[in-house]
Amino acid sequence: IQTAPIAITGDPVLYQKAAPVIAFDVALHNLTQTLMATMLQARGVGIAAPQIGVSQRLFIVASRPNERYPDAPLMEPMVMVNPVLLSGSSEWELGEEGCLSVPGKRLSIARHLWIDAQWQDLQGNTHSGRLHGFVARIFQHELDHLDGITLIERIT
Ligand SMILES: O=C(NO)N[C@@H](Cc1ccccc1)C(=O)O
Ligand SMILES: [Zn+2]
């Protein structure tokens, strides 16, 4: 399966508002496979389509313990199309984040402790649920990417 180069700080695609996904077709399936393979190759625990140069509202949340995040919880990777943050806890928590598009940096970022999210799967079915802790953190990080926000914009 193909991987793709990861856009890094300064690449305009990282600062655009991504477009909603409207076609739940084979191209979306292929894009998701490339996104997943790229994330795994980079030892990521999440990745957003704009990071491989595709300005569409799609990301993967795939927390699992690895050398970059030894304490990360293990979960089934979630492919989230047209994700929406419905609400977030009033309580925020500071935590270390890395970004595959901001190589070599770990920054302390405040995120909601839990969030209620809604998204579509690759078949276009709508789902919703509450995410907690590190998984909620990854979701919020990836959603920022869909709105043209990277870690650097989050600290300034
Ligand atoms: O760059 C990305 N995703 O956009 N990948 C990050 C995801 C992430 C998000 C929040 C906290 C830790 C890690 C990574 O280091 O795997
Ligand atoms: Zn990132």
Side-chain angles (χ1 to χ4, degrees), residues 1-21 28 31-89 91-117 119-122 129-156:
I1 295 178
Q2 281 297 98
T3 59
I6 294 175
I8 59 167
T9 311
D11 188 323
V13 73
L14 294 174
Y15 309 103
Q16 292 168 11
K17 188 166 176 55
V21 170
L28 178 66
L31 169 60
T32 303
Q33 284 196 315
T34 301
L35 204 51
M36 183 75 78
T38 303
M39 179 194 73
L40 292 174
Q41 184 182 66
R43 305 285 183 272
V45 293
I47 193 168
Q51 292 181 274
I52 62 168
V54 177
S55 195
Q56 293 220 353
R57 302 190 78 78
L58 160 71
F59 58 64
I60 298 170
V61 176
S63 174
R64 78 200 177 294
N66 66 20
E67 58 279 0
R68 293 180 67 240
Y69 299 99
D71 306 334
L74 180 62
M75 65 179 281
E76 256 319 285
M78 295 175 84
V79 175
M80 306 181 103
V81 182
N82 300 326
V84 176
L85 195 156
L86 299 171
S87 62
S89 61
E91 197 177 351
W92 297 66
E93 182 180 53
L94 275 176
E96 292 289 291
E97 298 187 17
C99 182
L100 301 175
S101 295
V102 185
K105 289 251 184 326
R106 282 292 164 99
L107 300 170
S108 181
I109 307 288
R111 301 286 188 184
H112 293 292
L113 211 49
W114 54 261
I115 55 154
D116 288 328
W119 67 95
Q120 288 174 277
D121 60 26
L122 287 178
R130 182 163 291 191
L131 305 177
H132 302 260
F134 192 65
V135 175
R137 176 173 297 277
I138 298 171
F139 180 99
Q140 294 169 80
H141 175 115
E142 306 310 340
L143 189 63
D144 275 352
H145 277 303
L146 303 189
D147 295 330
I149 300 164
T150 74
L151 282 188
I152 307 301
E153 287 76 40
R154 269 272 170 242
I155 46 171
T156 47

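Side chains are part of it too, since the values below use all heavy atoms of this structure and drop only hydrogens, waters and symmetry mates. A quick note: this is a predicted structure, and the numbers were derived from the prediction, not measured. Counting starts at 1 for both ligands and their atoms, following the listed order.
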Enquirer: For atom 16 (O) of ligand 1, find the nearest protein heavy atom and state the residue, atom name and distance (0.1 Å precision).
Expert: Val45 N, 2.8 Å

Enquirer: Provide, to 0.1 Å, the distance between atom 14 (C) of ligand 1 and the closest protein heavy atom, together with that atom's residue and name.
Expert: Arg68 NH1, 3.4 Å

Enquirer: Does at least one non-hydrogen atom of Tyr69 fall below 4.0 angstrom from an atom of ligand 1?
Expert: yes

Enquirer: Does any non-hydrogen side-chain atom of His141 lie less than 4.5 Å from one of Val45?
Expert: no

Enquirer: Between Phe139 and Arg130, is there a cation-pi geometry (under 6.0 Å to ring centre, at most 45° from the normal)?
Expert: no

Enquirer: In the protein, what heavy atom is nearest to atom 11 (C) of ligand 1, and what distance, to one decimal place, separates them?
Expert: Glu97 CG, 3.5 Å

Enquirer: Show, in sequence, the C-alpha distance, side-chain angles and deciding distance for Ile109 and Ile155, and conclude whether the side-chain contact (heavy atoms from CB on, under 4.5 Å) test is met.
Expert: CA-CA 7 Å; Ile109 307 288; Ile155 46 171; 3.7 Å; yes

Enquirer: I need the contact type for Phe59 against ligand 1. Using non-hydrogen atoms and a strict under-4.0 Å cut-off, is it side chain, backbone, both or neither?
Expert: neither

Enquirer: Does any pair with a residue in residues 35-46 pass side-chain hydrogen bond (donor to acceptor under 3.5 Å, both in side chains), and if so which ones, sequence neighbours excluded?
Expert: Arg43-Glu67

Enquirer: Measure Met39 to ligand 1 on non-hydrogen atoms and call it side chain, backbone, both or neither using the 4.0 Å cut-off.
Expert: neither

Enquirer: May I ask you to test the Leu151-Asp144 pair for a side-chain heavy-atom distance under 4.5 Å?
Expert: no

Enquirer: May I ask you to list the atoms of ligand 1 that are less than 4.0 angstrom from any heavy atom of Cys99?
Expert: 1 (O)

Enquirer: Mark up the atoms of ligand 1 that fall under 4.0 Å of a heavy atom belonging to His145, in ascending order.
Expert: 4 (O)

Enquirer: Measure the shortest side-chain to side-chain distance between Thr32 and Val81 over non-hydrogen atoms and say whether it is less than 4.5 angstrom.
Expert: no

Enquirer: Is the side chain of Ser63 donor-acceptor paired with the backbone N or O of Met75 at a distance under 3.5 Å, no angle test?
Expert: no

Enquirer: Considering distance alone, does some N or O of Glu96 sit under 3.5 Å from an N or O of ligand 1?
Expert: no

Enquirer: Do Glu97 and Arg154 meet the salt-bridge criterion of a basic N to acidic O distance under 4.0 Å?
Expert: no

Enquirer: In chain order, what residues pass the side-chain hydrogen bond (donor to acceptor under 3.5 Å, both in side chains) check against Arg64, with sequence neighbours excluded?
Expert: none

Enquirer: Can you find a pair of side-chain heavy atoms, one from Cys99 and one from Gln51, that are under 4.5 Å apart?
Expert: yes

Enquirer: Verify the neighbour count for atom CD of Glu96: are there more than 12 heavy atoms of other residues, nucleotides or ligands below 6.0 Å?
Expert: yes

Enquirer: Checking a contact table here: which protein heavy atom is nearest atom 6 (C) of ligand 1, and how many Å away?
Expert: Gly98 O, 3.5 Å

Enquirer: Output yes when the distance from some N or O of ligand 1 to some N or O of His141 is under 3.5 Å, and no in every other case.
Expert: yes

Enquirer: Please say whether Gly46 places an N or O atom under 3.5 Å from an N or O atom belonging to ligand 1.
Expert: yes

Enquirer: Quick check: does any side chain N or O of His112 sit under 3.5 Å from a backbone N or O of Ser89, one acting as donor and the other as acceptor?
Expert: yes

Enquirer: For atom 1 (O) of ligand 1, what is the closest protein heavy atom, and at what distance to 0.1 Å?
Expert: Leu100 N, 2.7 Å

Enquirer: Mind checking side-chain hydrogen bond (donor to acceptor under 3.5 Å, both in side chains) for Lys17 and listing every partner two or more places apart, or none if nothing turns up?
Expert: Asp147

Enquirer: Examine Gly44 against ligand 1 and note whether any of their N/O atoms are separated by less than 3.5 Å.
Expert: no

Enquirer: Near the Zn ion (ligand 2), which protein N/O/S atoms are found at less than 2.8 Å?
Expert: Cys99 SG, His141 NE2, His145 NE2

Enquirer: Would you check the N or O atoms of Glu142, main chain and side chain alike, for any that come under 3.5 Å of an N or O of ligand 1?
Expert: yes

